[in-house]
Amino acid sequence: QVQLVESGGGLVQAGGSLRLSCAASGRTFSPNVMGWFRQAPGKEREFVAAINWSGNSIRYADSVKGRFTISRDNAKNTVYQQMNNLKPEDTAVYYCAAAASFGPVVAGRPDYWGQGTQVTVSS
C-alpha cells in the first residue's frame, strides 16, 4: 500500500518560515511527480507546487512564487517545501500529492494524497 506522510507543520508568526516534508513509501513506489496542495477553511483545495523526478521541472502557484521552494531527495523518496515570508493567508492544511505526470497534479487529481499537516500563520 502506498503512503504519503507529511510533517513539519505548525504555528508561526507572519514573516516566519517553515519546512514541510513528505515521505513516500510502499512497494516499489517512486513517483515521477510530487507536489503540495493546501486547503484553507471554507475554501477549495488548491495547487501550490510540484516537482518532477529529476528536479529540472518545477511548477508554482502564483501566490507562492518567490516565497516557497520545492525540492526532493529521491534516495529518501521525500519531497520538501521550504516556506519563507509566510503570510496569514498561507494558513491552511497542506497536503502532499504524487502522480506519474504533472497534468493530474496541476489539475488537482493526483494518484495519491497524504493526510495533511496544519500550517497556521499568525498576524
Under the 3.5 angstrom rule, does the side chain of [X] hit a backbone N or O of [Y] as a donor-acceptor pair?
X    : Y    : result
T91  : V121 : yes
D111 : A99  : no
Y60  : I70  : yes

Just verifying a value: how many Å separate [X] [atom1] and [Y] [atom2], rounded to the nearest 0.5 Å?
X    : Y   : atom1 : atom2 : value
S25  : K76 : OG    : NZ    : 15.0 Å
Y95  : E46 : OH    : CD    : 12.5 Å
Q3   : N77 : CD    : CG    : 13.0 Å
N74  : N32 : CG    : CG    : 9.5 Å
S122 : L86 : OG    : CG    : 10.5 Å
I58  : N52 : CD1   : CG    : 7.5 Å

Which atom names give the shortest non-hydrogen contact between [X] and [Y], and what distance separates them?
X    : Y   : answer
P110 : A98 : CB-O, 3.5 Å
L4   : A24 : CD2-CB, 3.5 Å
S21  : T78 : CB-CG2, 4.4 Å
S54  : N56 : OG-OD1, 2.7 Å
W53  : P31 : CE3-O, 3.6 Å

Less than 4.5 Å apart, side chain to side chain, heavy atoms only: is that true for [X] and [Y]?
X    : Y   : value
V105 : W36 : no
E6   : Y94 : no
Q81  : V64 : no

Verify the cluster assignment for [X] and [Y]: are they in a single hydrophobic cluster under the rule of side-chain heavy atoms below 4.5 Å apart?
X   : Y    : answer
V48 : M83  : yes
V79 : Y112 : yes
F68 : F37  : no
M34 : V119 : yes

By salt bridge (charged side-chain N to carboxylate O under 4.0 Å, His left out), which residues pair with K43, not counting sequence neighbours?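 Listed in chain order: nothing, the list is empty.
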Please evaluate residues L11 and Q118 with respect to the criterion side-chain contact (heavy atoms from CB on, under 4.5 Å), reporting the C-alpha separation (whole Å), side-chain torsions for both, the decisive distance (0.1 Å), and the verdict. CA-CA 8 Å; L11 173 65; Q118 177 71 46; over 6 Å; no
Write out all pairs satisfying disulfide bond (SG atoms under 2.5 Å apart) with one or both partners inside residues 38-123, taking only residues at least two apart or from two chains.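 Every pair satisfying disulfide bond (SG atoms under 2.5 Å apart) with a residue in residues 38-123: C22-C96.
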Listing request: all salt bridge (Lys or Arg N to Asp or Glu O under 4.0 Å) pairs with a residue in residues 88-98, at least two apart in sequence or in separate chains.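 Non-adjacent pairs meeting salt bridge (Lys or Arg N to Asp or Glu O under 4.0 Å): R38-D90, R67-D90.
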Are there more than 12 heavy atoms of other residues, nucleotides or ligands under 6.0 Å from atom CD of Q82?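 Yes, CD of Q82 has more than 12 neighbouring heavy atoms, counting only those of other groups under 6.0 Å.
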Taking the six-membered ring of F102, is NZ or CZ of R59 closer than 6.0 Å to its centre and within 45° of its axis?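 Checked: cation-pi criterion met.
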